Amino acid sequence: MLRILAAFIFFTRLPFWRLAEVPADYFKNVVSRWALVGWLTAGLSVIVLYAGSLILPAGVALLLAIITRLLITGCLHEDGLADFFDGFGGGTSRERILAIMKDSHIGSYGVIGLITYFGLYYLLLSNLPIELAGCAILAGDPFSKGVASMIINRLPYARKEEEAKSKTVYSRMTKGEYLFSIICTVLPLYWLPEPVYLLAGILPVITWYMLTSFMKKKIQGYTGDCCGATFLLCELSFYLGIAVIYTTTQ
């Protein structure tokens, strides 16, 4: 249970740390519980979405749902996405890419990347019926986190442990952790209203493979920023798939 608690402490800003003291070493295994954390972030976001839609326009309710997750996670993944765009957009060598990503200042690539990401995120979900948008979030958030979590099994960490922003280098998953992650990743897909929407799950896998191959080529590994960026881009591709399926089947 402490390993699960470590994941909720690490990936959210909710006061789970009040429940128990977690040894530092446990935070090296949080990625295998990332999909489980997605159950919470997605669930709270959808509660806000559905409750808000009862008294507000659907677009406003969706915006509040997006803000809800940002508050829960402390913009952890979005910060990684901005650094990812800055690093790979502005860096021309492995060393330069890693140096830019470690810099806390945001650059033009990061700004443009975040604007594009949030624009697509909002437009893709806002053009779905509110019920389908909620189901897409309940499935897409944990599923994409689960897919993204496999980055630690494919690539090594690109920096030395003492150079890590969080001072933590994730351990590769054991067989038990891998199985736990897969279960937490796949189960939320049952929220999708029709089997045809399961096809949307193909896009995050393709996105993950392309991104990790790109990272392997450029920096011979991954960083924490890469993890956050991979999750958000996988999730965005999932919603793209949902929107395409919805449009073509109506």
Side-chain angles (χ1 to χ4, degrees), residues 7 10-11 24-25 27-35 37-38 69-70 73-121 143-173 177-178 181 202-240:
F10 187 86
F11 289 115
D25 284 348
F27 290 96
K28 294 183 178 182
N29 303 98
V30 294
V31 178
S32 61
R33 282 83 176 173
W34 198 5
V37 177
R69 191 174 77 176
L70 293 175
T73 63
C75 301
L76 176 67
H77 310 310
E78 290 73 18
D79 178 68
L81 183 65
D83 288 340
F84 176 85
F85 280 126
D86 277 335
F88 285 92
T92 55
S93 66
R94 178 180 184 275
E95 292 71 23
R96 184 57 181 157
I97 291 172
L98 292 174
I100 293 174
M101 283 199 291
K102 194 171 184 179
D103 189 344
S104 59
H105 297 89
I106 188 170
S108 57
Y109 287 104
V111 171
I112 294 171
L114 285 178
I115 292 173
T116 303
Y117 162 75
F118 280 115
L120 287 172
Y121 186 102
F143 179 77
S144 299
K145 283 173 177 168
V147 172
S149 71
M150 297 303 156
I151 190 175
I152 68 172
N153 295 325
R154 186 182 185 202
L155 300 176
Y157 192 70
R159 294 192 178 102
K160 297 178 181 179
E161 184 169 357
E162 58 270 19
E163 296 175 346
K165 284 184 180 180
S166 63
K167 304 305 179 184
T168 300
V169 174
Y170 309 126
S171 300
R172 292 199 175 195
M173 296 181 196
E177 289 173 335
Y178 183 84
S181 180
I202 297 174
L203 291 181
V205 176
I206 295 174
T207 301
W208 172 87
Y209 181 79
M210 293 177 65
L211 285 172
T212 53
S213 296
F214 181 65
M215 295 170 202
K216 183 178 182 180
K217 178 180 178 181
K218 291 291 186 178
I219 60 173
Q220 293 82 56
Y222 76 91
T223 68
D225 291 329
C226 293
C227 291
T230 300
F231 157 57
L232 292 180
L233 295 177
C234 284
E235 185 188 33
L236 195 63
S237 70
F238 182 83
Y239 298 146
L240 175 63

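This structure is a prediction, so every number in the text was calculated from the model and none was measured.
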(message) Just verifying a value: how many Å separate Asp225 CG and Ile100 CD1, rounded to the nearest 0.5 Å?
(response) 12.0 Å
Show every donor-acceptor pair shorter than 3.5 Å between a side-chain atom in residues 105-114 and any protein atom, with sequence neighbours excluded, or say none if there are none.
residue, atom, partner, partner atom, Å
His105, ND1, Asp103, OD1, 2.9
Tyr109, OH, Gly89, O, 3.4

(request) Specify the closest pair of heavy atoms between Ser171 and Asn29, including all atoms of both residues, with the distance to one decimal. (result) CB-ND2, 3.8 Å
(request) Mark yes or no for whether Arg154, through its side chain, and Met150, through its backbone, hold a donor-acceptor pair below 3.5 Å. (result) no
(request) Write down the atom of Tyr222, the atom of Tyr157, and the distance for their closest heavy-atom approach. (result) O-CD1, 3.5 Å
(message) Tell me whether Arg94 at atom CZ has more than 12 heavy atoms from other residues, nucleotides or ligands lying less than 6.0 Å away.
(response) yes
(message) Nearest 0.5 angstrom please: Phe214 CZ to Thr230 OG1, how far?
(response) 11.5 Å
(request) Indicate yes or no: at least one non-hydrogen side-chain atom of Glu78 is less than 4.5 angstrom from one of Phe118. (result) yes
(message) Rounded to the nearest 0.5 Å, what separates atom CG in Leu240 from atom CG in Leu236?
(response) 7.0 Å
(request) Please report the closest heavy-atom contact between Gly87 and Met101, naming both atoms and the distance. (result) CA-CG, 3.8 Å
Name each donor-acceptor pair under 3.5 Å that joins a side chain in residues 202-210 to protein atoms two or more places apart or in another chain, with its distance.
residue, atom, partner, partner atom, Å
Thr207, OG1, Leu203, O, 2.9
Thr207, OG1, Ser237, OG, 3.3
Trp208, NE1, Val147, O, 3.4

(message) Taking the six-membered ring for Trp, are Tyr121 and Tyr239 closer than 6.0 Å centroid to centroid?
(response) yes
(request) Report the C-alpha separation of Phe84 and Leu211 in whole Å, then their side-chain angles, then the decisive distance to 0.1 Å, and conclude whether the side chain to side chain contact (heavy atoms under 4.5 Å, CB included) test is met. (result) CA-CA 11 Å; Phe84 176 85; Leu211 285 172; 4.1 Å; yes
(request) Please report the shortest heavy-atom distance between Cys226 and Met215, naming the atom on each side. (result) CB-SD, 3.6 Å
(request) Find out whether Leu98 and Lys102 are in side-chain contact, i.e. whether some heavy atom of one side chain is under 4.5 Å from a heavy atom of the other. (result) no
(message) Using 0.5 Å steps for rounding, measure from the CD1 atom of Ile219 to the CG atom of Leu155.
(response) 8.0 Å
(message) Minimum heavy-atom separation for Ala35 and Ser181, please, with both atom names.
(response) CB-O, 4.3 Å
(request) May I ask you to decide if the ring planes of His77 and Phe11 are parallel, tilted or perpendicular, using 30° and 60° as cut-offs? (result) tilted
(request) Kindly indicate whether the side chain of Val37, heavy atoms from C-beta on, has any atom under 4.5 Å from the side chain of Phe10. (result) no
(message) Tell me the closest heavy-atom pair linking Ala148 and Cys227, and the distance in Å.
(response) CB-O, 4.4 Å
(message) Centroid separation under 6.0 Å, is that true for the rings of Phe85 and Tyr117?
(response) no
(message) Using a 6.0 Å cut-off, check whether atom OH of Tyr178 has over 12 heavy atoms from anything other than its own residue.
(response) no
(request) Taking Asn153 for its side chain and Met173 for its backbone only, find out whether a donor-acceptor pair lies under 3.5 Å. (result) yes
